Protein chains: 2
Amino acid sequence: MTINFQLEAPCPIALLLELVGDRWSPLIIRDAFYGVRRFDGFQQHLGISRKVLTMRLNALVQAEILKRERYQVKPDRYEYRLTIKGRELFPVLLTMMRWGNRWLVPAGQETVQLLHIGCGEKIEPKLVCSHCDEPISAADTRTMPGPGAGLEVVQAFRQIVRKSEHKPDM
Amino acid sequence: MTINFQLEAPCPIALLLELVGDRWSPLIIRDAFYGVRRFDGFQQHLGISRKVLTMRLNALVQAEILKRERYQVKPDRYEYRLTIKGRELFPVLLTMMRWGNRWLVPAGQETVQLLHIGCGEKIEPKLVCSHCDEPISAADTRTMPGPGAGLEVVQAFRQIVRKSEHKPDM
DNA sequence: ACAGCGAGTTCACAAAAGAAACCTACGTAA
DNA sequence: TTACGTAGGTTTCTTTTGTGAACTCGCTGT
């Protein structure tokens, strides 16, 4: 799969999707956040086939999103836990949860909600600017080539902007 | 695919993944944010096979994330644009971009960066509590059954918490 | 000695993705 | 007129990936 800008120049989203861009990995990670740790736990909870679960868990361990830890000897038994890298996927899952609740679940029928321990309220996550703390959306931000962008990325950006009849949506 | 809590009770993340949980849809949406609109644009930019692209675009239109609009008559030509629902996926893509930049791209080598038009700075998106505006992470939040949660969800939550030797990671 | 648990592996089959050629309808240029 | 280019697909065939169900292995408790 050529997931990047024209064969080269890694897009961070594409790189992420290479690790967790299949149908099951995000759900495995979601369950890991809920506290599921064991092979059979994931399997029963998700209804995923054992073969694919094995493959996904191995890939997630390889990607250092989960770590496999022995919790018992004789017979050796292992469980899967989130690493720091994995735990930092929390904002991704949260924004997904928010979108799903907003657009796919009838209002007032949410099956999951978020509690902020700090203030004790049921809350929604909000994305703000790290600099001025104002909420951000596609309309008030622009993505642009970064310091590691080669010519091909810069050109890809230009090309897209040029080809669009109107302004880009982002 | 049984993507929900034990066959019933829709998890918002699972519902989202049912619409955009394959390898290509997120990249198609990313490109749509960049301003790509045409079939051939997506195809060349992503290197996706035309057959799969057709299927994905149709599914995204069906999901009301993209809309198909005629931009020319004789011969009729169509382009794909983000709907409001689609544009609200922006936070999901942004948090993915941030994680990818942080964990998969060497520091200072980012190919994409975010500019906040409001304050003119290169920024990172930050997730905060909608109530008290404090930054939120897995550690200071808890997910819990919502108003639409049936018995099975409540039990699933309890079951997971009970089965974990230690505290959940979220 | 036999059942059960936890964490897998194996295998036959089905579904999905990929690559490349083909189709349709029009406009242009030789 | 034949040919070429462009845009937005469809068709066909091959390869990859996922599924479901059964099987394994090392131990424990009865």
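To find a chain, count down the sequence lines: A is the first, B the second, and so on, and within it residues start at 1. Just so it is clear, the structure is predicted and the values come from calculations on it, not from any experiment.
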Nearest-angstrom distance from the residue atom CD of B/Gln72 to P of C/dA25:
15 Å
Would you mind reading off the distance between B/Gln44 atom CD and D/dA7 atom P, rounded to a whole angstrom?
9 Å
Expected list for residues 52-61 of chain A near DNA chain D, using heavy atoms below 4.0 Å, is A/Val52, A/Met55, A/Arg56
Is the distance between the ring centroids of A/Phe90 and A/Phe33 under 6.0 Å?
yes
Check whether any side-chain N or O of A/Tyr80 sits under 4.0 Å from OP1 or OP2 of C/dG6, and answer yes or no.
no
Are any of the side-chain nitrogens in A/Arg50 or A/Asp40 under 4.0 Å away from the carboxylate oxygens of its partner?
yes
Can you see if the side chain of A/Trp24 gets near the phosphate of D/dT19 - specifically, an N or O under 4.0 Å from OP1 or OP2?
yes
Donor-acceptor check, side chain of A/Glu110 to backbone of A/Gly108, threshold 3.5 angstrom: yes or no?
yes
Can you work out whether B/Ser49 or A/Phe39 has the more 5'-proximal nearest nucleotide on DNA chain C?
A/Phe39
Donor-acceptor pair present, B/Lys51 side chain and D/dT11 base, under 3.5 Å
no
Tell me, please, whether A/Tyr78 has A/Arg68 positioned over its six-membered ring: NZ or CZ under 6.0 Å from the ring centre and within 45 degrees of its axis?
yes
Shared hydrophobic cluster, A/Ile13 / B/Leu115 (ILVMFWY, side-chain heavy atoms < 4.5 Å)
no
Can you tell me the distance, in whole Å, between the CD atom of A/Glu69 and the C1' atom of C/dA7?
16 Å
When you group the ILVMFWY residues by side-chain heavy-atom contacts below 4.5 Å and let the links chain together, are A/Val128 and A/Ile123 in the same group?
no
D/dG9 OP1/OP2 closer than 4.0 Å to side-chain N/O of B/Arg68:
yes
In the structure I gave you, are the side-chain heavy atoms of B/Thr83 and B/Leu66 within less than 4.5 Å of one another anywhere?
no
Mind calculating the distance between CZ (A/Arg23) and P (D/dT16) to the nearest angstrom?
19 Å
Quick one: which residue pairs count as a side-chain hydrogen bond (donor to acceptor under 3.5 Å, both in side chains) with a foot in residues 91-100 of chain A, not counting sequence neighbours?
A/Thr95-B/Thr95, A/Arg98-A/Glu124
Every protein N/O within reach of nucleotides 23-30 of chain D N/O, cut-off under 3.5 Å:
{"from": "D/dG26", "atom 1": "N2", "to": "A/Arg77", "atom 2": "NH2", "distance (Å)": "2.5"}
{"from": "D/dC27", "atom 1": "O3'", "to": "A/Lys74", "atom 2": "O", "distance (Å)": "3.3"}

What contact category does B/Arg70 fall into here, base, sugar-phosphate, or nothing, at under 4.0 angstrom with non-hydrogen atoms?
nothing
Nearest-Å distance, OH (A/Tyr71) to P (C/dG6)?
7 Å
Value in whole Å for how far the C1' atom of C/dC5 lies from CG of A/Asp40
8 Å
May I have the distance from B/Tyr78 (atom OH) to D/dA7 (atom C1'), rounded to whole angstrom?
12 Å
For B/Glu79 and D/dG8, what is the distance between atoms CD and P respectively, to the nearest whole Å?
8 Å
Sole candidate of B/Ile29, B/Leu94, B/Leu82 that passes side-chain contact (heavy atoms from CB on, under 4.5 Å) when paired with B/Leu89
B/Ile29
